[in-house]
Protein chains: 2
Amino acid sequence: MEFKEAKNKFVQTWGALGSQWGINKTMAQIHALLMVSHEPISMEDIMDELQISRGNASMNLRALMDWGIVYKEYKAGERKEFFTAEKDLDELAVKISRERSKREIKPALKILKEVSAIESDGTAAEKHFVDQTTKLYDFVLKADNVLDKITEFKDNWLAKLVVKMIK
Amino acid sequence: MEFKEAKNKFVQTWGALGSQWGINKTMAQIHALLMVSHEPISMEDIMDELQISRGNASMNLRALMDWGIVYKEYKAGERKEFFTAEKDLDELAVKISRERSKREIKPALKILKEVSAIESDGTAAEKHFVDQTTKLYDFVLKADNVLDKITEFKDNWLAKLVVKMIK
DNA sequence: ATAAACTTTCATTTTTTTTTGAAAGTTTAA
DNA sequence: TTAAACTTTCAAAAAAAAATGAAAGTTTAT
């Protein structure tokens with residue numbers, strides 16, 4: 001396999017993976033392209049490489065910047081804008097999970113808290129509802145915190161983990 | 001807020017969360033409904049409660065069973081089938097992550113391995129590509145293993161963790 | 001102030017995904 | 001074996017999501 005073919009395969013795969021996880025295909029593809037590029041790319045070149053329209057490129061680049069995982073760059077003497085991706089994978093993971101937490105998990109948690117707080121009349125149906133939604137709230141809350149913990153423990157994590165667990 | 005309203009809100013929220021994570025809305029809603037129900041529900045009742053067609057109900061129930069998070073049940077004397085959801089949340093998380101790993105992560109890893117294995121000519125572009133995809137492969141592989149580890153360590157996890165880390 | 005170089009916006013079109021519903025299939029009971 | 005009670009399948013329809021492209025907007029240079 002040669003470079004161009006491999007790059008294309010990677011971009012396609014990353015795009016497909018993205019859509020399976022609720023991220024639009026083009027957004028994931030642009031991100032893939034920028035991740036494996038050693039130098040900033042212009043919008044023109046992105047459009048060209050992915051065969052997409054100017055509007056599509058513009059909107060998805062904006063979305064990627066909103067997620068904090070793609071940056072705009074300016075080259076001296078050049079009028080147009082160039083783009084780069086966050087290439088540190090730990091940083092990337094932290095940013096993605098922060099955004100997903102903020103946009104999706106936190107609002108869902110709020111609803112879970114609300115619905116689990118109803119006054120149950122003592123029927124089995126209502127008791128089970130309250131019980132299950134309460135458990136779900138606790139579970140999601142815990143899961144939502146896991147990535148923050150991982151970040152926090154990133155360096156010297158075992159020692160810190162043990163300390164945290166003991167106290 | 002009363003029971004019916006709360007239940008509906010929960011089902012809607014769970015459905016919305018599902019679609020943001022690449023799971024179709026109806027599938028997530030059916031799952032939500034079964035999760036908070038204290039007794040098995042028939043297809044008829046699911047169709048009725050979610051206002052969906054028979055075909056839709058049938059297909060999404062099958063999908064949920066394929067994921068291993070919804071079970072068919074038979075009631076004595078009743079001809080029709082009833083459905084229940086896995087209600088243990090740890091079990092649920094394990095099953096979902098196993099499936100997503102099998103269906104999405106593992107195939108992606110295979111491609112990542114392939115594309116990172118190209119023979120780089122020495123240009124900066126190709127060197128960066130190989131370097132970045134290799135890192136990504138390692139990262140995804142590690143992340144993919146995290147949930148297995150969590151399962152494994154579920155009981156008495158700190159002790160086991162320390163042992164594992166030391167040896 | 002004008003125009004060139006570039007980016008963003010958004011109504012419309014296209015594509016993709018999901019849903020429907022009726023026909024075909026299956027199981028059980030008599 | 002027949003028919004009633006139920007489930008599955010899948011082509012067609014509907015709905016939802018994404019992409020287009022041209023007009024509007026912005027910035028920079030002269």
Side-chain angles (χ1 to χ4, degrees), chain A residues 11-34 40-67 70-84 100 103-104, chain B residues 11-34 40-67 70-84 100 103-104:
Chain A
V11 169
Q12 297 305 321
T13 304
W14 207 239
L17 200 61
S19 31
Q20 285 167 320
W21 287 79
I23 285 132
N24 116 22
K25 193 185 70 182
T26 303
M27 187 170 153
Q29 286 182 342
I30 294 176
H31 182 246
L33 195 59
L34 293 173
I41 315 185
S42 70
M43 204 161 92
E44 208 71 39
D45 285 349
I46 291 169
M47 289 164 55
D48 193 60
E49 190 128 11
L50 300 179
Q51 298 284 6
I52 58 174
S53 70
R54 189 171 295 287
N56 197 6
S58 174
M59 289 179 114
N60 283 113
L61 280 165
R62 147 115 357 264
L64 284 163
M65 290 191 296
D66 289 346
W67 277 67
V70 160
Y71 315 111
K72 221 180 237 183
E73 284 197 11
Y74 299 94
K75 281 194 188 172
E78 290 256 29
R79 188 115 159 220
K80 65 181 156 216
E81 300 167 337
F82 291 79
F83 301 89
T84 350
R100 295 211 90 147
R103 296 174 192 212
E104 297 150 19
Chain B
V11 169
Q12 297 307 321
T13 304
W14 207 239
L17 200 61
S19 32
Q20 285 167 320
W21 286 80
I23 285 131
N24 116 19
K25 193 185 69 182
T26 303
M27 186 169 154
Q29 286 182 341
I30 294 176
H31 182 246
L33 195 60
L34 293 173
I41 315 184
S42 70
M43 204 161 93
E44 209 70 39
D45 286 350
I46 290 169
M47 287 163 56
D48 195 60
E49 190 129 10
L50 300 179
Q51 299 285 3
I52 57 174
S53 70
R54 190 172 295 285
N56 199 4
S58 174
M59 288 177 114
N60 283 115
L61 281 165
R62 146 113 2 259
L64 284 163
M65 290 190 295
D66 288 348
W67 278 65
V70 160
Y71 315 112
K72 223 180 236 182
E73 283 197 11
Y74 299 95
K75 280 194 188 173
E78 291 256 29
R79 187 114 159 222
K80 68 182 154 214
E81 299 167 337
F82 292 79
F83 301 88
T84 348
R100 295 210 90 148
R103 296 175 193 211
E104 296 150 19

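Everything numeric in this text was worked out from a predicted model, so none of it was measured. Throughout, protein chains are lettered first and strands after them, A, B, ... in sequence-line order, and every chain is numbered starting at 1.
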Write down the protein N/O and nucleotide N/O pairs, taken from nucleotides 24-30 of chain D, whose separation is under 3.5 Å; answer none if there are no such pairs.
from: D:dT27; atom 1: O2; to: A:Arg79; atom 2: NH2; distance (Å): 3.2
from: D:dT28; atom 1: O2; to: A:Arg79; atom 2: NH2; distance (Å): 3.2

Polar atom pairs (N or O), protein with nucleotides 8-17 of chain C, under 3.5 Å:
from: C:dT8; atom 1: OP2; to: A:Ser58; atom 2: OG; distance (Å): 3.0

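For A:Lys75, there are no salt bridge (charged side-chain N to carboxylate O under 4.0 Å, His left out) partners at least two apart in sequence or on another chain. Considering only residues two or more places apart in sequence or on other chains, B:Arg79 meets the salt bridge (charged side-chain N to carboxylate O under 4.0 Å, His left out) condition with none of them. With sequence neighbours left out, B:Glu78 forms a salt bridge (charged side-chain N to carboxylate O under 4.0 Å, His left out) with no residue at all.
Between A:Leu33 and A:Gln29 there is no side-chain heavy-atom pair separated by less than 4.5 Å. For the pair B:Leu61/B:Leu34, a side-chain contact is recorded, criterion being any heavy-atom separation below 4.5 Å from C-beta on. Side-chain contact between B:Ile30 and B:Ile52 is present, with heavy atoms from C-beta onward closer than 4.5 Å. A:Phe83 places none of its side-chain heavy atoms less than 4.5 Å from the side chain of A:Pro40. Within the 4.5 Å cutoff, no side-chain heavy atoms of A:Tyr71 are placed close to those of A:Met65. Taking 4.5 Å as the limit, some side-chain heavy atom of B:Met27 sits within range of a side-chain heavy atom of B:Trp67.
Pairing each heavy atom of B:Glu104 with each of A:Leu17, the nearest pair is O-CD1, 3.7 Å. Scanning all heavy atoms of the two residues, the minimum distance from B:Ala28 to B:Gly15 falls at CB-CA, 3.8 Å.
Between the P atom of C:dA29 and the CD atom of B:Glu78 lies a distance of 12 Å, rounded to the nearest Å. B:Leu64 has its CG atom 13 Å from the P atom of C:dT18, to the nearest Å. Following rounding to the nearest Å, B:Lys75 (NZ) and C:dT28 (P) show an atom-to-atom distance of 18 Å. If you take CG of B:Asn60 and P of C:dT18, they are 9 Å apart, rounded to a whole angstrom. We find that CG of B:Leu61 is positioned 13 Å from P of D:dT9, with the value rounded to whole Å. Atom CG of B:Leu50 is separated from atom P of C:dT18 by 16 Å (rounded to the nearest Å). Taking atom CE on B:Met47 and atom P on D:dC6, their separation rounds to 12 Å, with Å as the unit. In this entry the distance linking OH of A:Tyr74 with P of C:dC6 reads 13 Å, nearest Å.
In the helix from C:dA1-D:dT30 to C:dA30-D:dT1, the rotation axis of the first five pairs and that of the last five pairs differ in direction by 10°, rounded to 10 degrees.
Applying the 4.0 Å criterion to OP1 and OP2 of C:dT18, one finds that B:Thr26 has every side-chain N and O outside that range.
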